[in-house]
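Letters go in sequence order (proteins before strands), and every chain restarts at 1.
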Protein chains: 2
Amino acid sequence: MKLKEFARQLGLSPTTVSRALSGYPEVSEKTRKRVAEEAVRLGYRPNINAVRLVTGRAGAIGVVMGRTAEFHFAEFMSGMAERLDGEDIDILVSPTADRDSTDDVPLYSRLVTSGRVDAVIVHSPKPNDERIALLHRLGFPFLVHGRSETDVPHAWLDIDNEGAVRRATSHLLDLGHKRIAMINGRPGRTFSLHRDKGYRDALSERGIPFDARLVAHGNFTDELGFRFARSFLEQSPRPTAFVAGSMMTALGIYRAVRSRGLVVGRDVSVIAHDDVFPYLTAENMGPSLSATRSSMRAAGARSADLVLQLLSGRPATEIHELWPVELILRESTGPAPPEAQS
Amino acid sequence: MKLKEFARQLGLSPTTVSRALSGYPEVSEKTRKRVAEEAVRLGYRPNINAVRLVTGRAGAIGVVMGRTAEFHFAEFMSGMAERLDGEDIDILVSPTADRDSTDDVPLYSRLVTSGRVDAVIVHSPKPNDERIALLHRLGFPFLVHGRSETDVPHAWLDIDNEGAVRRATSHLLDLGHKRIAMINGRPGRTFSLHRDKGYRDALSERGIPFDARLVAHGNFTDELGFRFARSFLEQSPRPTAFVAGSMMTALGIYRAVRSRGLVVGRDVSVIAHDDVFPYLTAENMGPSLSATRSSMRAAGARSADLVLQLLSGRPATEIHELWPVELILRESTGPAPPEAQS
DNA sequence: TTGAAAGCGCTACCAG
DNA sequence: CTGGTAGCGCTTTCAA
């Protein structure tokens, strides 16, 4: 059913029907109501592609899915979907075969010029991120999930990675730990750098020297968590505590600790960052995992919300949100073992 | 830059340019080449919404993201993206706030009539799935990832869940296990039913009676894996082996086994289904996890491929693929402990 | 408050 | 092989 046909059945002009459906003020309440009801009854829905052509809006927000970050990503998108429900805005996942293409500049370029999306969300930026520069140059609306250090003004939403890790590390120091290892995220990303900073600052506050041999960077996989933890535990004296970038990393660390005949929470303490997954919970690990905690789903929902604001004209320079991170203590953290105290 | 303007700069008609860019055969090779080069040079890209309006194609494949299945889902989508790269077809994730909305019929209905997508992929069907009936009724192209038992002819891609679990169970029986528990997926879904069947058939082949107290159904989370495994292990005699529906479930089982002071691979054997995640690997669990294995990413890529075939006219009735599943034995499986043999 | 008509940018039919 | 042109279905001036 087309607009023309539908309008004729109502005895109205296409103009009036269009206005009624779009909620324009100049249509009488009575007419609007009638149109709305009949649309449902007769199953009339405007052709979305015609609407898009004429309005110039794509009706979608673009995201680029990198191969490495995807278990976070699904949660984020889920949150977006939650917020976008009923908004008539879609989420467009940009196809790419690239391995680590979250920062594939040509891809963003294509996405923007293709007219498929009204805005894009940039994930895991670097301090000096080319994607941000590109998007700004093109004058295209975008929101950064994370932070960069670019001069370019832009909208962003981030969690306080630095503060979270500082607190986690300080807490371990409070417990008497002196050799604290950190298995951080991909090198070069701002969130990893912020976490590095939080870690170093906490150490230096207590006058504990930074030891580069206790810090590693890489993707958030159980595999790397295990490998790095194994190698750290071979040092002498070995670390008595770990700060980990993700739940998957923590799984690897737990396994490494056990494989050395040690016990998590007694011989070795672990604090990880928990993005709050429905299928893998810090509380349910054995022993339950102390964690810095911030919901990826909530970030996705709020990001969608902010993009919507951006699209309705709120200046990007006004849109900056830094979320605090909770530190939740469970069984995986305990006092440093006596032999390490000495 | 619009087509008209671009064509004028080339000294050609819009018609010819359009045809050249779309690869129509009636354009001379020379002209086509020139047009293609100039398009890149001048940065001309057809307005996608105009193309969509006039062709009636949406240029996107729709997927509905359920809240519960999402860690599989990201892998699947990643695979789709891999295949769709360069095809000028997007993946559209349909926004929904519903908890378990993978089979939200009104949602599919809206998705189809909205004109946003050319085809949809249906996940985790039930034997008699309403979504399939709906899509068939509407005459809309779709591919089912999984199987149903409906009479409606349709395209599908599935893995051999029944065979996989039959082999896993048989293997455990070969090892002397007699009380084998199964923690399966969501009740009512065809894949869960197929796995149930594989399990029961393997038992009955050996004349071992089916015991409903050893089977549970639910979402694939570590939490449920743990809870079910705990409760099974409280039985007397307790099960000496588990068949698990997912890696997350297996994590929960491992923890439950350990929490009872038992050892996986010695006191209790575990085989799980592994969808092959980059961030959590069966091989890296402790002990390494024996698994039935089939790549979700590969399924996503192939599904996208099949949808493309569907859209280019291949009959849905021809598109049926059943993928075999590997059984990979690692350390989590071993002979039934002697006391259980008796 | 309602309607007529001019496009949005492109494809595809029909001519040449 | 190339070009003119009629729409695709809708929104939005402008006029009534």
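- Taking each heavy atom of A:D118 and A:A58 in turn, the nearest pair found is OD1-N, 2.7 Å.
- Note on the helix from C:dT1-D:dA16 to C:dG16-D:dC1: angle between the axes of the first and last five pairs equals 30°, rounded to 10 degrees.
- B:R34 and B:E37 are not joined by a salt bridge, as no carboxylate oxygen comes within less than 4.0 angstrom of a charged side-chain nitrogen.
- Going from atom CG of B:L3 over to atom C1' of C:dC10 covers 7 Å, rounded to whole Å.
- Within the nucleic acid shown, A:T15 comes within 4.0 Å of at least one base atom, counting heavy atoms only.
- In this entry the distance linking CZ of B:R45 with P of C:dT11 reads 12 Å, nearest Å.
- For the pair B:Y108 and B:L138, the minimum side-chain heavy-atom distance is 4.5 Å or more.
- We find that CZ of B:R8 is positioned 14 Å from P of C:dG9, with the value rounded to whole Å.
- Within 4.0 Å of A:F6, counting heavy atoms only, lies no atom of the nucleic acid at all.
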Stepwise ring pair (Phe, Tyr, Trp, His ring centres under 6.0 Å) test for B:F277 and A:F71
CA-CA 9 Å; B:F277 305 109; A:F71 68 93; 9.7 Å; no
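- At a threshold of 4.0 Å, the pair A:D129-A:R147 does not count as salt-bridged, since none of the basic side-chain nitrogens sits closer than that to a carboxylate oxygen.
- No side-chain N or O of A:R297 forms a donor-acceptor pair with one of A:S295 less than 3.5 Å apart.
- Between the CD atom of B:E26 and the C1' atom of C:dA15 there is a distance of 14 Å, given to the nearest Å.
- Residues B:H320 and B:L157 fail the side-chain proximity criterion, which asks for heavy atoms closer than 4.5 Å.
- On the nucleic acid side, DNA chain D has its first and last nucleotide under 4.0 Å of a heavy atom of chain A at D:dG9 to D:dT13, going 5' to 3'.
- In this structure, A:R32 places its CZ atom 14 Å from C1' of C:dT2, rounding to the nearest Å.
- The 5' end of DNA chain C is approached more closely, in terms of each residue's nearest nucleotide, by B:L53 than by the other of B:R19 and B:L53.
- By the 4.0 Å N-to-carboxylate-O rule, A:E87 lies close enough to A:R83 to be salt-bridged with it.
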